[in-house]
Amino acid sequence: MRKDFVLSLQNTLYPPQIYSSEILTMDKIYDQTKIEQKWYKFWEEEGFFKADPDSSKPAYGLLIPPPNLTGSPHLGHAMQHAILDAVARFKRIQGFDVLLLPGVDHAGIQFEGTLNKLLEKEGTSRQKLGREEWLKRAWQFKEEIYKTFHDTWTVFGLSADWSREVFTLEPKVQRAVLEEFKSFWEQNLLYKGAYIVQWCPKDQTAIEDVEMEYEERKDKLYYLQYGPLIIATTRPETKFGDTAMAVNPNDKRYEQFVGKEFEIKTLNGPRKMKVIADKAIDPKFGTGAEKVTPGHDILDYEISKRHNLEIIHVIDKSGRLTKVAGKYAGMKFQEARAAMIPELKEKGILIKEEDYVHSVPVCERCKTTVEPIISEEWFVKMKPLTQKALKRMNEINFVPKNYKKILSDWMKEIHDWTISRSLWWGHRIPVWYCQKCNPNHLVGKDKDMIISLEKPGKNCQTCGQKHWVQDEQVLDTWFSSGLWPMATLGWPQQSKEFEKYYPWQFELSAPEIKYLWIARMIMLGLHFTNKIPFENMFFHGMIRDLQGRKFSKSLGNGIDPNKLRNQWGTDSTRMALYTYSAPGRDGRASRQTMDERCKNFRNFGTKLRNIARFIIELKPSEASPELDSGFIQKKPWIPDQVGDDKLHPDDKKILDQLNKTIQEVTKNLEGFNLHLAIEKLYEFIWHQFADKYIESAKNRRTEAQPILEYVFKTSLELLHPFMPFITEELWQKLPHRGKSIMATSWPSTK
RNA sequence: GGACGGUUAGCUCAGCGGUAGAGCGCUUCGUUUACAUCGAAGAUGUCGUAGGUUCAAAUCCUACACCGUCCACCA
């Protein structure tokens with residue numbers, strides 16, 4: 001038996017009367033899971049979670065950020081769910097037709113990485129299986145994870161409409177993605193071309209800036225003789241791809257060389273190379289002169305575009321040198337570098353080297369050094385989308401407000417979006433090329449290329465035959481996630497769901513995906529529907545460890561929200577999380593600090609149970625309950641309807657305090673300041689109602705009964721969005737009308 | 001380099017113009033009939049530093065320091 005359980009047991013044995021209590025029986029206090037399961041099942045069976053597009057109630061839609069299929073829940077997720085659920089329950093009781101829509105993200109790269117590791121353990125691999133077999137295995141793996149997915153994710157009392165759950169690869173979403181792709185193409189917003197991208201040689205795919213992290217490395221900085229100039233580089237092996245030398249236009253030292261051509265020594269013999277001036281060159285770095293290698297450096301690539309320089313590929317997609325490297329061809333770039341240093345020295349090209357510490361971009365998942373490489377990728381032109389979005393950012397209520405500026409600033413400096421990924425798990429690019437007429441898979445003319453989900457049935461317009469092959473790449477996960485507000489409601493097909501619930505009323509997000517996801521949903525929503533996708537956009541803070549670091553698997557500093565839930569109960573854990581929910585504010589937590597907060601609210605729950613015991617079980621037999629006493633009809637809490645003189649001063653005071661609480665809680669919920677709402681409620685219930693009013697009411701117990709019941713029941717109703725289980729449990733024990741606290745109406749002071 | 005946020009009791013955090021707050025922890029007391037998973041009482045803070053605005057500043061403004069996040073760059 002658990003130690004804390006034994007301790008609790010001892011405490012509970014005193015006083016002995018407790019045995020007669022119906023509420024405080026052992027199994028009911030200590031087996032919270034049972035109580036929670038009972039009520040969750042009851043709510044689901046009664047259909048309280050279901051949205052009803054046919055109802056005449058106004059819509060209130062909340063879109064749950066879809067968790068990653070292969071992710072495991074952490075405190076941030078638990079907080080998101082707790083916040084969403086509180087708002088959903090509040091709005092439902094207020095009389096809205098609430099849609100709290102759940103979904104799951106296929107999580108392209110993350111899923112593929114997890115599966116490939118698994119395959120490695122099984123002694124096979126992506127390459128060995130081939131695309132078709134691999135995908136079969138992937139769907140099988142997806143189903144395996146999905147089985148336990150609900151147990152992992154749905155336990156926080158989330159009142160979501162599970163019947164409408166969406167998976168980001170299901171046909172509904174595929175149709176939306178096709179529509180998105182097709183209309184971008186038709187509107188000339190989509191292009192394919194060879195551009196420099198960040199390439200992970202291990203994952204064999206282009207990745208986005210946000211998928212990289214930086215590692216400090218000790219390297220050498222090499223000084224090389226280039227004609228009359230000396231340039232500094234960390235990457236001598238890319239020398240074969242140089243097409244110019246560059247200096248800053250304001251650099252007086254090199255003024256005389258700009259525009260002139262010089263012969264320089266290379267390992268493949270002499271070459272002619274021009275000196276150009278470009279403002280991107282930092283005169284303070286190295287010697288102030290740089291070699292321009294447009295094929296393998298993003299900055300150089302941009303310079304080359306400005307000066308119309310040739311682009312030479314030196315490193316291929318597996319990180320090996322190409323044939324331009326002569327005898328070094330086929331070597332990995334690190335090997336090649338080591339091998340060529342002696343020769344560079346010998347030929348007098350390498351003048352000196354010095355130690356150099358810099359940060360190197362690596363792939364976030366596999367930690368392989370990322371290589372800038374020229375690759376054929378698909379891009380979306382973003383400027384036209386941002387222009388529209390920027391004009392209408394005012395229509396979104398950002399919480400906190402400064403996120404409007406943060407997102408707007410980002411949109412102002414947006415660059416085109418690389419949407420293709422060389423993966424297999426995801427929405428495959430719905431483009432078919434005629435292998436015969438268009439073997440290089442070029443785009444631009446529609447005749448030997450067709451946009452379609454399925455293999456086209458018609459003939460190629462050029463050759464009149466059907467040699468269709470599909471584009472090998474898949475779309476960036478965010479290409480589909482960006483459509484989430486629409487795709488989940490069946491767009492582009494018209495439906496009563498889409499009519500009623502789009503745009504959404506409430507969306508929330510972690511700040512870290514504000515550009516990847518939130519900004520794109522806004523831009524795509526406006527582009528395709530001319531409506532902002534959500535009225536209220538809530539950014540919560542990040543919960544970190546006590547040192548301020550992010551929770552991560554590698555640090556092992558994560559806190560499993562389900563362990564908290566098992567120890568303290570769902571209601572208490574939710575309340576602890578709300579104390580961290582101040583919009584946009586980060587928080588620090590450890591298992592210990594979480595336990596402290598949970599304990600606080602577990603005690604609060606015990607307080608509620610004991611209040612219930614006093615009011616319900618120890619009710620004097622002659623007292624009349626609130627429902628029978630005519631209390632509701634008299635509405636004594638409205639001074640105009642019943643004179644103050646008819647109320648006992650204590651009663652008047654508690655009713656006034658209750659009214660203030662109703663106003664505060666409602667106001668703070670409307671403004672999504674959940675932490676303030678619970679603070680107010682806690683103070684009222686514990687220190688105003690329990691400590692003061694109940695104590696004094698002991699002297700006039702019979703007379704006070706209707707007010708005790710009324711105040712407590714109203715308190716439970718106010719508390720229900722935050723602590724759904726215990727409030728239902730106790731509300732059911734009070735005299736009440738209606739099936740559930742979920743189906744009552746929100747307390748009002750009018 | 002650019003933008004933003006934080007700095008309040010031992011710890012974790014609220015408050016964001018009107019007499020310093022909560023939870024946990026700490027001290028003392030308490031077996032009164034809702035509650036010891038409790039109650040009563042208490043200790044603990046020049047609200048990062050320096051200026052300014054104001055009758056009044058933790059709260060607004062400016063500068064600085066430290067911590068953190070995001071964006072850009074790292075040849």
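Chain letters run A, B, ... following the sequence lines, proteins first, then strands; residues in each count from 1.
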- Let me have a per-nucleotide readout for nucleotides 1-11 of chain B, 5' to 3', with B, S or -, counting only protein heavy atoms under 4.0 Å. ---S-S-----
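Across all strands, A:K550 comes closer than 4.0 Å only to sugar-phosphate atoms, never to a base (heavy-atom distances). Base engagement by A:E290 is indicated by at least one non-hydrogen atom pair under 4.0 Å involving a base atom. Here A:K514 lies in heavy-atom contact (under 4.0 Å) with sugar-phosphate atoms only.
The phosphate of B:A14 (OP1 or OP2) has no side-chain N or O of A:K680 nearer than 4.0 angstrom. For the pair A:N603 and B:C38, the criterion of a side-chain N or O lying under 4.0 Å from OP1 or OP2 is met.
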Tabulate below the donor-acceptor pairs under 3.5 Å that side-chain atoms of residues 670-682 of chain A make, not counting sequence neighbours, or state none.
residue	atom	partner	partner atom	Å
A:E670	OE1	A:K91	NZ	3.1
A:E670	OE2	A:Q94	NE2	3.1
A:Y682	OH	A:N600	ND2	2.9

Check residues 683-693 of chain A and write down every donor-acceptor pair under 3.5 Å in which the side-chain atom is one partner and the other belongs to a residue at least two apart or another chain.
residue	atom	partner	partner atom	Å
A:H687	ND1	A:D691	OD2	3.0
A:Y693	OH	A:D651	OD1	2.5

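For A:H687 and B:A40, the NE2 to C1' distance is 13 Å, given to the nearest whole Å. Straight-line distance from the CZ atom of A:F333 to the P atom of B:A75: 12 Å, rounded to whole Å. One atom, CG of A:N248, and another, C1' of B:A75, lie 14 Å apart when rounded to the nearest Å. Following rounding to the nearest Å, A:L229 (CG) and B:A75 (P) show an atom-to-atom distance of 19 Å.
Of all heavy-atom pairs between A:F601 and A:M723, the closest is O-CE, 4.1 Å.
Every pair passing salt bridge (Lys or Arg N to Asp or Glu O under 4.0 Å) that includes a residue from residues 589-601 of chain A is listed here, sequence neighbours excluded: A:R591-A:D595.
Judged by distance alone, with hydrogens and angles left aside, A:E695 brings a side-chain donor or acceptor within reach of the base of B:C35, the pair sitting under 3.5 Å.
A:K412 has a carboxylate O that lies under 4.0 Å from a charged side-chain N of A:D409, or vice versa, which qualifies the two as a salt bridge.
If you run side-chain hydrogen bond (donor to acceptor under 3.5 Å, both in side chains) between A:T293 and each of A:K291, A:E290, A:H296, only A:K291 comes through.
Residues of residues 664-678 of chain A having a heavy atom closer than 4.0 Å to RNA chain B, listed by number: A:H675, A:L676.
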- Query: Dot-bracket for RNA chain B: what is it, with Watson-Crick or G-U pairs under 3.5 Å, [ ] where a pair crosses earlier ones, and | for a pair to another strand?
  - Reply: (((((((..((((....[..)))).(((((.......))))).....(((((..]....))))))))))))....
